[in-house]
Amino acid sequence: MPTIALIYDHYLTPSQVPEVAEKALHRILVGEFGAKNLTVEKLINGDVVFDFDFGGTFISGKIKVYDSHFDMILKVPILVSLYRSKITEELDKHIPKYFGEQK
């Protein structure tokens with residue numbers, strides 16, 4: 001399955017990132033884009049995994065947390081990967097509102 005990977009700075013402690021990520025994912029994916037069935041889970045190591053249904057398409061992702069930045073990796077179907085630049089553009093508009101600027 002193709003991936004879309006992004007890196008964002010954050011100005012939080014690594015332990016704060018999962019809670020902020022969960023709120024941001026709900027507001028962005030569900031509130032802004034109308035995603036359905038969003039599940040978000042914090043892993044023991046502080047990373048976050050999530051999945052959701054968008055227009056009948058299942059998408060999963062992971063947020064790998066580091067001290068000053070995090071990686072967001074989305075696993076998307078091949079047809080969705082054709083819209084990689086649009087997806088990236090939209091996430092770049094919203095994610096920094098919660099965490100800071102993109103690297």
Side-chain angles (χ1 to χ4, degrees):
M1 193 172 270
T3 61
I4 298 173
L6 302 159
I7 299 172
Y8 293 98
D9 286 335
H10 69 77
Y11 303 103
L12 306 169
T13 65
S15 63
Q16 291 174 310
V17 173
E19 181 180 331
V20 173
E22 183 172 359
K23 289 178 185 175
L25 289 168
H26 277 280
R27 288 182 182 154
I28 295 167
L29 297 175
V30 176
E32 294 284 331
F33 302 112
K36 305 286 185 210
N37 303 317
L38 174 65
T39 60
V40 180
E41 182 180 342
K42 178 183 174 187
L43 302 178
I44 292 172
N45 65 358
D47 294 343
V48 176
V49 293
F50 59 95
D51 56 55
F52 59 95
D53 179 7
F54 186 73
T57 302
F58 181 77
I59 297 172
S60 64
K62 181 174 185 177
I63 296 175
K64 179 84 175 138
V65 181
Y66 299 96
D67 288 341
S68 64
H69 71 281
F70 64 89
D71 298 340
M72 177 183 278
I73 302 124
L74 300 171
K75 291 184 180 179
V76 298
I78 291 173
L79 291 175
V80 173
S81 71
L82 298 173
Y83 299 97
R84 179 183 312 268
S85 62
K86 183 65 175 168
I87 293 166
T88 300
E89 179 183 318
E90 288 299 319
L91 288 173
D92 287 348
K93 285 181 193 175
H94 295 282
I95 295 292
K97 294 176 190 175
Y98 298 94
F99 295 100
E101 296 300 317
Q102 184 179 14
K103 279 192 164 186

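Predicted, not measured: the structure shown is a model, and the values here were computed from it.
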Assess the residue pair V49 and L43 against the criterion (side chain to side chain contact (heavy atoms under 4.5 Å, CB included)); give the C-alpha distance rounded to whole Å, side-chain angles, the decisive distance to 0.1 Å, and a yes or no.
CA-CA 7 Å; V49 293; L43 302 178; 3.8 Å; yes

Determine whether L6 and I73 make a side-chain contact, defined as any pair of heavy atoms from C-beta on separated by less than 4.5 Å.
no

To the nearest 0.5 Å, atom NZ of K62 lies from atom CG of D47 at 5.0 Å

To the nearest 0.5 Å, what is the distance between CZ on R27 and NZ on K97?
11.0 Å

Let me see the working for T3 and L74 under side chain to side chain contact (heavy atoms under 4.5 Å, CB included), right down to the final yes or no.
CA-CA 5 Å; T3 61; L74 300 171; over 6 Å; no

Between the side chains of K36 and D53, is the shortest nitrogen-to-carboxylate-oxygen separation below 4.0 Å, so that they form an ion pair?
no

Do V76 and Y83 have side chains that approach each other closer than 4.5 Å (heavy atoms only, starting at C-beta)?
no

So how far is it from T39 OG1 to F50 CZ, rounded to the nearest 0.5 Å?
9.5 Å

How many angstroms lie between NE2 in H26 and CD in E32, if you round to the nearest 0.5 Å?
14.5 Å

Side-chain donor or acceptor of T88 paired with backbone N/O of S85 under 3.5 Å:
no

Would a 4.5 Å heavy-atom cut-off, applied to side chains only, mark I63 and V65 as touching?
yes

Take atom CD in Q16; do more than 12 heavy atoms of anything else shown fall under 6.0 Å from it?
yes

Test item: H10 and Y98 side chains (from C-beta on) under 4.5 Å apart, heavy atoms
no

Which class fits the ring pair H69 and Y66: parallel under 30°, tilted 30 to 60°, perpendicular over 60°?
parallel

Between atom CE of M1 and atom CZ of F58, what is the distance when rounded to the nearest 0.5 Å?
8.0 Å

Applying a strict under-4.5 Å side-chain criterion to I, L, V, M, F, W and Y, I'd like to know whether I87 and L79 cluster together.
yes

For I28 and F33, work out which heavy atoms get closest and say how close.
O-CD1, 3.0 Å

State, with a plain yes or no, whether a side-chain heavy atom of E22 is found less than 4.5 Å away from one of V17.
no

With a sphere of 6.0 Å drawn around NZ of K75, does it hold more than 12 non-hydrogen atoms of other residues, nucleotides or ligands?
no

Measure across G46 and P18 and return the closest heavy-atom pair with its distance rounded to 0.1 Å.
O-CG, 3.1 Å

Starting from the C-alpha separation in whole Å, work towards a yes-or-no answer on side chain to side chain contact (heavy atoms under 4.5 Å, CB included) for Y8 and D92.
CA-CA 9 Å; Y8 293 98; D92 287 348; 2.6 Å; yes

CG of D51 to CG of N37: how many Å apart, nearest 0.5 Å?
9.0 Å

Give the C-alpha distance, both sets of side-chain angles, the deciding distance and a yes or no for side chain to side chain contact (heavy atoms under 4.5 Å, CB included) between M72 and I95.
CA-CA 10 Å; M72 177 183 278; I95 295 292; 3.8 Å; yes

